[in-house]
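A short worksheet on the structure shown next.
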Amino acid sequence: MSIVITGIGTVGPHGVGTAALAAALADGTNAATELEPVPDFHSPSAHPRYLGRVDPAALAPHLDPRTSRRMSLPSRLAVVAARLARADAGLEAEHFEGHDVAVCLGTAFGPTDFTIRLLDQIRDKGPEAASPFLFMESVANAHAGQVALDAQLVGPNATIVQREASALSAVAQGVSYLASGRCELALVGAVDEIAPMTHGALERFGALSSGPCGRALDAARDGYAVSEGATVLVLERDDTAHARGARVLARVRTALRGNDPTASAVTWGDGAERLGLTLRLGLERAGLTPFAIDRVVSGASGSRRGDRLEALLLRQVLGDTPPSVLTPKAVTGEFGGGFLAAAVLAATGADFGPTPGFESVDPELGLRPHDGRPLERARTVLVSSLAAGGAAAWLVLEAGEA
Amino acid sequence: MIMRRAERPNNEMSKADTVHARIKRVIVESLMIEGLAPEEIGDEQALFGEGLGLDSVDALELVLGLENEFDIKVKSDQMDKSAFASVNTLAEFVERQKRAAEAVATPDE
Amino acid sequence: MSAPVHASASLAPPARVFVTGLGCVTPFGIGVEAFARGLASARAAFDDVTLFPSAGHRTRLAGEVRAELGPALADLAPRVKRHLSRTDAFAVLAAREALSDAALAPEDGEAGVFLGSSTGGMFEGEEFFWRLRATGGRARVSDIASQQHNGPADAVARAFGLHGPLVTMSSACSAASMAFEAALASLRAGETDVALAGGADGLCRLTYAGFNALRAVDEAPCRPFRADRAGLSLGEGAGLLVLETEAHARARGARVHGEFLGAGSSCDAHHMTAPKEDGSGLALAVEKALADARIGPADVDAVNAHGTATPLNDAAEWRGLTAVFGERVRELVFLPTKASIGHLLGAAGGAEAVASLLALRAGCATRVPGEGPLDPDCPARFADAAELPLAHDATILSVNLAFGGANAAVLLRGVRP
C-alpha cells in the first residue's frame with residue numbers, strides 16, 4: 001500500500017497559501033520582523049529581536065467571526081490551513097460524511113497565549129475569575145478539535161508534541177493511522193504560535209539567532225529564528241486518491257521515528273552514530289538504501305548543537321558528499337509548519353533559491369546548503385527533523401505525477 | 001450559601017444604564033461577539049440555539065461576566081436553563097440574585 | 001470514496017501484542033502494589049490539595065501524590081534528574097517499575113515510548129511564570145526547562161537510553177489511551193518490538209482552576225454513576241505498560257500479564273468540552289476497537305469506564321455503551337477507577353489500564369469508594385456493596401473521552417495464573 005499527499009494548506013509569515021511560501025523559497029527571502037521586547041518576558045538588553053508573525057488581517061477573509069469567536073490564534077491558524085488543504089485536494093463534504101477522517105497535528109508549545117492569559121486571571125483576580133473560554137482553548141489539542149469540528153471529521157484526533165520534530169512526528173502518526181486501517185483519510189501537519197513568554201524563554205536559553213534568520217549549517221550560526229503559522233496536508237491511500245481522481249503531489253514512501261537519549265531536556269545530544277543506525281534500519285524496512293536518496297530537506301535551522309547533530313547524522317547515513325541539501329528553515333523559520341510545507345514543495349519540484357544567511361562551511365559539519373543554482377527534479381527526498389530533548393522524525397517523499 | 005463579594009464602586013455607569021443594557025454589553029464583551037452592537041440584541045431574542053447560537057460554555061462565561069458586572073455570586077444549581085433564554089429572562093434572573101444577595105448581606109437578627 | 005472503515009493492509013491477523021510489565025505512580029503512592037492496596041481498601045485517595053492554594057475554588061480536594069519523589073529518584077544519573085518536573089518524575093518512576101517488572105534491562109535500548117500527557121510540567125511552568133510576573137522578569141532560566149508537554153516521554157527515553165520512536169500524545173483526557181493505540185499500531189507494523197506506553201500528568205493551577213471555571217468539579221469526592229454525582233475530582237500520577245510483540249516476548253520467555261487486544265479512537269466533532277449527548281462518538285471508538293481486536297461485543301466482560309462523575313459525562317457514556325452492547329450493558333462489570341484516585345487527565349487511561357489488569361489479577365472488581373443511590377439513567381453495575389467476581393482471563397474495555405471531542409477505547413484480556 002502506498003500513501004500519497006493530495007493537498008496542502010499553509011499559513012505563515014510569508015502569507016496565506018502555498019504560492020506565497022513557494023515564491024519566498026524560490027527567492028530565498030525570510031519574512032521575520034522585529035519584535036519589541038515584552039516586559040517580564042524579555043531581558044532588558046537592547047539588542048534587536050525577530051519573529052515570523054502571521055498578519056491577523058490575512059486570516060480574516062478565511063474565517064467568519066462566528067466560527068472563530070472563541071478560537072485561540074493556533075486554532076485559527078490550524079482551521080485556515082486545514083480549509084486550504086481540503087480545497088487544494090478537491091475534497092468536498094461528501095468525502096467526509098460517513099467516512100473516517102483523522103486529524104493529526106503537531107505543536108511544539110500549544111496555545112501559550114491563552115494559557116498565559118488564564119494564568120494572569122488566576123494570579124490577578126483569583127480562580128473565581130478564570131474564564132471557561134480560555135481554559136477550553138488552553139489545552140494542547142484544542143486546535144485539532146477545532147479542525148475536526150469545522151469539517152465534522154470523526155476519525156482519530158491526535159495532537160503530537162515533540163518540539164522541532166512535532167510536524168514530521170504528526171505526519172508519521174497520520175501515516176500509521178492510514179496504514180493500519182484506522183482512518184480512510186488524514187489531515188496532518190503542524191501549528192504553532194510564539195507567545196512573548198515562549199520567545200523570551202527561548203532567548204534566555206540562547207536558542208535564538210541574533211539576526212532575522214537562522215544561519216543553517218553556517219560556521220558562524222548562533223541560533224534559530226522562530227515563526228508562527230500552520231501547515232496541513234491531506235494524506236490518503238493511493239487507491240482512494242485514484243478512485244476520486246485526485247491529483248497526487250507526492251508519495252510518502254516511509255515515515256520514521258527515533259530518539260537520541262544523549263540529549264538533555266533542553267538541547268540536542270551527540271548521538272549521531274546511533275541515530276544514523278535507526279535511520280538506516282528504517283530505510284531498510286521500507287526497502288530503501290541511502291543511495292536512493294537524491295535530495296535532502298534538512299531541519300538544520302542555525303542552532304549550534306542541533307545543526308551539528310543533523311550534519312553528522314546526514315554524513316553518517318549518506319556519506320561525506322551527500323546529494324543537494326535544502327535547509328528551508330532559513331526561509332521559513334523554526335516552528336509553525338513552514339518546514340513541512342517546504343519539504344512537500346521540494347518533492348513537487350518547486351524552485352529553491354539561495355539559502356539566506358549562509359556564508360561559510362563549518363569545517364566540523366562539512367555540509368554546504370543549497371546555493372540557489374537550478375536543481376534537477378528529485379525523485380526521492382529525505383526530510384529530516386531532530387528535536388531538542390531527543391526526538392527524531394524523518395520522511396521519505398517521492399515525486400508525484402510529473 | 002450565597003456570599004456577597006467585597007464592595008466594588010460602580011464607576012463610569014450612568015443612571016440611564018438599565019439592567020437590560022448592561023446585560024447586553026456583557027453578552028457582547030464576555031462572549032467576544034465581533035460585529036454585533038449590544039443594542040442590536042432584542043430583549044426577547046433567543047440567545048441559545050437558533051438565536052445567537054450560544055452554548056453551555058457561553059452560559060458559563062456569561063455568568064462570570066454577570067457576576068462581575070452585578071456583584072452577584074451564582075451557584076451551579078441556580079443556573080436554570082430557562083434563565084438564559086433571553087435578555088428579559090436574564091434581567092429577571094439578575095434581579096432575583098441581587099435580592100437574594102442583599103437578603104444574605106442583611107440577615108434578620 | 002467507498003473504502004470500508006477497516007481496510008487492513010492484509011487479511012492475515014495482525015501480530016499479537018502482550019502486556020509484560022506494569023508501572024505506576026498514583027495518589028495511593030509510588031508503585032503498582034501501593035495502587036493495588038489502595039484500590040482494595042475501598043477508600044478514596046482524596047485530601048486537601050497542598051501544591052497550591054485551593055481558596056476560591058468550589059472544592060479543596062484532589063488526589064495528590066504525597067510520596068516523596070526525591071528518595072525514589074536517588075539512584076538515577078544526575079543528567080537524568082536534571083530538569084525533571086513532577087510529572088516527568090512520575091513517568092520515570094512508573095517506567096522504571098514497568099521495565100523491571102518486565103525484566104527488561106536498559107541496554108535492550110530498542111524500545112519506543114508512547115506517552116500521553118495533557119499538561120506535562122505545567123505546575124513548574126506556572127511557578128516560573130509567577131516568578132517572572134512578581135520580579136519583572138528575573139527568574140532563573142533553568143526553572144522553565146521542565147515545563148514542556150513532551151517532558152515525561154523525553155525523560156523516560158533519556159533515563160533508560162531508549163532509541164525507538166518517541167511520541168508524546170497530548171490529547172487531553174484521552175491522551176494515554178490514544179498513546180496505547182499509537183503504540184499498538186507501531187508494534188504491529190514492526191516499527192518497534194517493545195514499547196513503554198501510557199500517560200503521566202501532574203496537578204497544576206491551570207487545570208484545577210479551569211475545571212472549576214467549567215463548574216465541572218464536585219466539592220466532595222467524585223461519585224461516578226451515582227444519582228447525586230456533581231462533578232469530578234482531579235488527581236495526578238502516571239500509569240505505564242510494557243507492550244511487546246508476541247514473537248519478542250516468547251523469544252525471551254517474558255512473563256505475560258495480559259494481551260493488548262486492540263484499540264480505536266474517534267472524534268465527536270460536536271463540541272469542544274461537552275460530550276455528544278447520545279454517546280455516539282464514544283460508540284464509534286468502541287466499535288473500532290472491537291473490529292481492531294477482531295472480537296464482538298459479546299466477548300467483553302467488563303468496562304473500565306471514563307466515569308468522571310460529571311452529570312453529563314456518565315449519562316452520555318452509558319448511552320454510547322448501550323448503543324454498542326444493547327441490553328447486555330447492564331451485565332457488564334463497571335470499574336469506575338476515578339472514584340478511587342480521581343481524574344488523572346492525560347494519565348487517566350494509563351492508570352486505568354493498570355487498574356484493569358490488577359482487577360484481572362485479583363479475579364474481582366474491588367469495592368468502589370463512596371455511597372449514594374445509583375442513577376436509573378445510567379445504572380452501571382459496579383462493586384457497590386460487595387466486590388464482584390471477574391475471571392482472570394476476562395476481557396476489559398477501557399474508554400476515555402476528552403476535550404476537543406477525542407474518544408479512545410482499548411481492549412485488554414487477562415491470563416489464567
Side-chain angles (χ1 to χ4, degrees), chain A residues 54-77 79-80 111 113-152 157 193 195, chain B residues 1-11 24-38 40-41 45-79 81 83-84 90 97 101 104:
Chain A
V54 175
D55 177 11
L59 291 179
H62 301 271
L63 268 184
D64 59 290
R66 203 166 170 144
T67 307
S68 63
R69 177 167 62 94
R70 302 197 300 212
M71 287 183 187
S72 68
L73 175 62
S75 284
R76 290 168 195 233
L77 293 169
V79 168
V80 171
D113 179 55
F114 270 34
T115 302
I116 295 297
R117 282 160 64 178
L118 184 55
L119 291 177
D120 268 331
Q121 285 179 340
I122 297 168
R123 185 181 161 273
D124 298 342
K125 298 179 193 161
E128 301 95 323
S131 155
F133 278 5
L134 290 181
F135 181 52
M136 183 175 80
E137 280 280 296
S138 288
V139 291
N141 65 323
H143 21 73
Q146 292 283 15
V147 166
L149 198 54
D150 187 51
Q152 298 295 296
N157 193 271
E193 70 175 349
Chain B
M1 184 176 62
I2 301 160
M3 289 199 297
R4 190 157 167 76
R5 281 187 163 185
E7 282 300 325
R8 195 174 58 110
N10 280 343
N11 46 8
K24 290 175 187 177
R25 205 174 55 222
V26 170
I27 291 174
V28 169
E29 283 174 10
S30 71
L31 304 187
M32 300 184 277
I33 304 179
E34 279 175 51
L36 181 74
E40 288 175 54
I41 304 173
Q45 184 182 351
L47 300 178
F48 291 75
E50 287 304 300
L52 277 186
L54 306 184
D55 68 10
S56 58
V57 181
D58 289 307
L60 292 170
E61 194 74 36
L62 192 50
V63 166
L64 198 64
L66 295 173
E67 285 183 337
N68 258 324
E69 175 71 25
F70 295 102
D71 237 348
I72 53 175
K73 196 92 187 113
V74 181
K75 282 180 63 175
S76 297
D77 57 12
Q78 295 166 332
M79 286 184 53
K81 232 179 178 170
F84 292 83
L90 273 175
Q97 294 287 331
V104 169

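Proteins get letters first, then strands, A, B, ... in listed order; numbering begins at 1 in each.
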Among the options B:D58, B:L60, B:I33, B:L36, pick out the one with the most heavy-atom pairs lying under 4.5 Å from chain A. B:D58
Of all the heavy-atom pairs spanning B:V26 and B:L66, show the shortest one and how long it is. CG1-N, 3.9 Å
Which residue, A:E137, A:H143, A:Q146, forms the side-chain hydrogen bond (donor to acceptor under 3.5 Å, both in side chains) with A:S72? A:E137
Distance check, rounded to the nearest 0.5 Å: A:L134 atom CG versus A:F114 atom CZ? 5.5 Å
Minimal heavy-atom distance between A:A130 and A:Q121, with the atoms involved, is CA-OE1, 3.5 Å
Given side chain to side chain contact (heavy atoms under 4.5 Å, CB included), test B:L47 with B:F84 step by step and report yes or no. CA-CA 7 Å; B:L47 300 178; B:F84 292 83; 5.6 Å; no
So for B:L31, is it side chain, backbone, both, or neither that comes closer than 4.5 Å to the heavy atoms of chain A? both
Apply the test side-chain hydrogen bond (donor to acceptor under 3.5 Å, both in side chains) to residues B:Q97 and B:E67: give CA-CA distance (whole Å), side-chain angles for both, the deciding distance (0.1 Å), then the verdict. CA-CA 10 Å; B:Q97 294 287 331; B:E67 285 183 337; over 6 Å; no
Interface residues of residues 60-71 of chain A facing chain B - non-hydrogen atoms under 4.5 Å apart: A:P65, A:R66, A:R69, A:R70
A:S131: what forms a side chain to side chain donor-acceptor pair (under 3.5 Å) with it, not counting sequence neighbours? B:E61
